Protein chains: 2
Amino acid sequence: MSKTKQNLERSKSAEKSRAILKGAMEEFLKHGYAGSSMDKVAKASGVSKATVYSHFGDKESLFNAVIHDLAQDRLKASIDVQQSQFSGQSPREVLSAIATKMITNATQDSVVQDFMRIIIGESGRFPELAKAYVNNLAKPVIETSTQYLKDHPELEIKDPEATVRIMIGSLVYFIVLQEMMHGKDIMPLESDRLINTLVNLIIKDQDC
Amino acid sequence: MSKTKQNLERSKSAEKSRAILKGAMEEFLKHGYAGSSMDKVAKASGVSKATVYSHFGDKESLFNAVIHDLAQDRLKASIDVQQSQFSGQSPREVLSAIATKMITNATQDSVVQDFMRIIIGESGRFPELAKAYVNNLAKPVIETSTQYLKDHPELEIKDPEATVRIMIGSLVYFIVLQEMMHGKDIMPLESDRLINTLVNLIIKDQDC
DNA sequence: GTCTATACATCGATAGAC
DNA sequence: GTCTATCGATGTATAGAC
């Protein structure tokens, strides 16, 4: 077999792998792990069931690959807390912008919500996947935000990491309760009220 | 059939219902909805599968009954925020006590964690169950705590409800990240640091 | 490598004896 | 009311042709 033909075959196979990963992602995000079947994954991917098994071994391995792919690529942008794009603004503006961006992203992107549902729901049966989420998504956000607070000693924040956990926790819980658990139908709350109160708590006024 | 015999039959039937509910609860909390089978539920309950169906109709109805039972009875105590038991203490002590109790309960009781996993994980496919959780568990806690802050105007809290959401959110996220998602192995944090920072944010010092 | 066809277990749900 | 036995559908996974 010629070298070009080898590469062609290899890229075709890689294409199938991506197609399977994409189909499996849709299926798992929609129906959960136990609620998904390899038959439907094969159909959604446009390949036969045997091809799915030849590429990913078994259902658990495929689920692992899907979640890791989501945690490493697809969702990195959603939680991207780049200080660079906020440079030149006051801490108050920066914190407000980060909070607004988090809530907007999670509210508009159904993949974010489905991913959080599955990663929390399966965290008991798939602890390694939960840890991958913590390492790849939660930890970077917390550490980057903590460093930002440490870089601004004029804010006089005694415990930056605990403060960041309070901020992130408030925002995540807002998304979980209002959007994912459909709480906005029952006890609505404007996100601006939460964000303003949060920023006012963290950044104390000078005149008091 | 005599009246006493009727009552005996009725109570026997009610006993079976409770046994089924208990067995189904174990099964659903451990394996999730799709991961549970009616065969295993029957085995765990000590009755035949046909009896399970004659009492609860189908799998979905049984799941509904289990979740509602958990949300209405089993978990009410875990989130019981009774001001009465905190009377006579300062607001600072009361808030610390509430936060400590929430974290302690959720950390020690695996049923609380499994319930949160399943109610969040299935909130997309069972929105009514998520709403039942909001109405029966989240809403009462938020409203009671909000009323407490309103009853203490000397704290000068501009937006009591938003403030409560921040507090509850911080605590729930701490439990989710550290315990349920196994984050304590990766990025440990003493709960006291979170609680102290939280209370200091909400209750401003007089001397500033 | 990828397909069709199939093996074998388990699923939700029910019929019929008692 | 509760059981055993069983139905048809669907589950994961694989064998064998190409």
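Because only heavy atoms are used, hydrogens play no part in the values below, and waters and symmetry mates are left out as well, while side chains stay in. Reminder, nothing fancy here: chain letters follow the sequence lines and each chain counts from 1. These figures come from a predicted structure and were not determined experimentally.
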*Residue pair A/M181 / B/V134: nearest heavy atoms and the distance that separates them*: O-CG2, 3.7 Å
Nucleotide [N], atom [atom2] - distance to [atom1] of [X] in whole Å:
X	N	atom1	atom2	value
A/M38	C/dT6	CE	P	21 Å
A/D39	C/dT4	CG	P	12 Å
B/L62	C/dA13	CG	P	10 Å
B/H31	C/dT10	NE2	P	14 Å
B/K40	C/dA9	NZ	C1'	12 Å
A/K59	D/dT12	NZ	P	4 Å
A/I20	C/dG1	CD1	C1'	11 Å
A/H55	D/dT14	NE2	P	16 Å

_Quick one, A/M167 and A/I98 - any side-chain contact, counting heavy atoms below 4.5 Å?_
yes
_Tell me if a side-chain donor or acceptor on A/D69 pairs with a main-chain N or O of A/A65 at a distance below 3.5 Å._
no
*Quick one: label B/S37 by what it contacts on the DNA or RNA (base, sugar-phosphate, nothing), any heavy atom closer than 4.0 Å.*
sugar-phosphate
*Which part of the nucleic acid does B/S17 contact within heavy-atom distance under 4.0 Å: base, sugar-phosphate only, or nothing?*
nothing
If you check the [X] side chain, which of [options] turns out closest?
X	options	value
B/K49	D/dA15, C/dG12, D/dT2	C/dG12
B/A50	C/dT4, D/dT2, C/dA15	C/dA15
B/S54	D/dT2, D/dA15, C/dA13	D/dT2
A/K16	D/dT14, C/dA13, C/dT2	C/dT2

*Identify whether NZ of Lys or CZ of Arg in B/K59 sits under 6.0 Å from the centre of the six-membered ring of B/Y33 and within 45° of that ring's axis.*
yes
*Do the side-chain N and O atoms of A/E93 and A/S90 include a donor-acceptor pair separated by under 3.5 angstrom?*
yes
*side-chain N/O A/T51 vs C/dC3 OP1/OP2, d < 4.0 Å*: yes
